[in-house]
Student: 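Quick one: the structure is below, questions incoming.
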Amino acid sequence: MISFPIKESFYSIQGEGFYYGMAAFFIRFEGCNIKCDWCDTKESWKIKKKDFIPIHEIINHISNYTVKNIVITGGEPMMWNLYHLTKILKKKGYRIHVETSGTYPIEEKYMDWITVSPKKIKLPLEENYKKTNELKIIISNEKDFLFAEEQAIHVKTTNCFLFLQPEWTNFVTIFPKIISYIKENPKWRISLQIHKMLNIP
Ligand code: SF4
């Protein structure tokens, strides 16, 4: 029986990126190979045996809701082989979004939208850039703009949206700088974490 370590799963509103404002069912996987200082989901890093949930239970939980958008996030969900889970969800008519750092191979056959958020500590696999629908760079300081540009070179800009997202704990300082940067470099868009700003449960 295939099972996965799930930190939490819940029905809410996508708060950031291209699909912000969209109702979605979130599945947050445990485990992360990066461990960013400013991570806002540190509680998902640890993989706990007791949190492994069989696929059929995950599907049953989702089926309690009418929403057809699934956001698979973490932690780092691509640490796990999601092929069977995404295949079953897809056959049931769900639209599958994945949020990843891009450091593991992405089996995208049953995925509809892939958000890659590269981290300097460990860069995405080269093969993953071309699968990226949305490149999301977290901006904590002005050096991160250079990193954003270095990462944008790798993606196909014709079918990949480019986002800069203020690092939450440094929002007040960095937000005006991101606005100025985007005005000068309009290929970028801003991604705001409205679920945090508006405390959306
Ligand atoms: Fe947190 Fe994501 Fe960084 Fe992992 S890659 S530490 S989940 S922000």
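In listed order, ligands and their atoms are each counted from 1. Position 1 is the first residue of the sequence; numbering continues from there. What you see below is based on every heavy atom in this structure, not just the backbone, and it leaves out hydrogens, waters and symmetry mates.
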Student: Taking only residues two or more places apart in sequence or in another chain, which ones pass ring pair (Phe, Tyr, Trp, His ring centres under 6.0 Å) with Phe163?
Tutor: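 Ring pair (Phe, Tyr, Trp, His ring centres under 6.0 Å) check on Phe163 returns nothing, list empty.
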Student: Can you see which heavy atom on Phe29 is nearest to which on Ile72, and at what distance?
Tutor: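 Scanning both residues completely, I find the closest heavy atoms to be CE1-CG2, 3.6 Å.
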Student: If the threshold is 4.0 Å, N to carboxylate O, is there a salt bridge linking Glu142 and Lys177?
Tutor: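 Salt bridge between Glu142 and Lys177, a charged N being under 4.0 Å from a carboxylate O: yes.
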Student: Take atom 1 (Fe) of ligand 1 and tell me which protein N, O or S atoms are nearer than 2.8 Å.
Tutor: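 Within the sphere that stays under 2.8 Å of atom 1 (Fe) of ligand 1, the protein atoms of type N, O or S are Cys39 SG.
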Student: Tell me, please, which residues at least two apart from Ala152 pass side chain to side chain contact (heavy atoms under 4.5 Å, CB included).
Tutor: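 Scan of Ala152 (side chain to side chain contact (heavy atoms under 4.5 Å, CB included), adjacent residues dropped) gives Leu135, Leu162, Trp188.
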Student: Suppose we measure from atom 2 (Fe) of ligand 1 to each protein heavy atom; which comes out shortest, and what is that distance?
Tutor: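 Of every protein heavy atom, Lys119 NZ, 4.2 Å lies nearest to atom 2 (Fe) of ligand 1.
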Student: One thing to verify: whether Lys187 and Glu149 come together as a salt bridge, which I'm taking to mean a side-chain N less than 4.0 angstrom from a carboxylate O.
Tutor: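 Yes, Glu149 and Lys187 are salt-bridged.
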Student: Name all residues meeting the ring pair (Phe, Tyr, Trp, His ring centres under 6.0 Å) criterion together with Tyr110; count only those two or more places apart in sequence or in a different chain, and write none if there are none.
Tutor: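 In terms of ring pair (Phe, Tyr, Trp, His ring centres under 6.0 Å), with neighbours along the sequence ignored, Tyr110 is linked to Tyr83.
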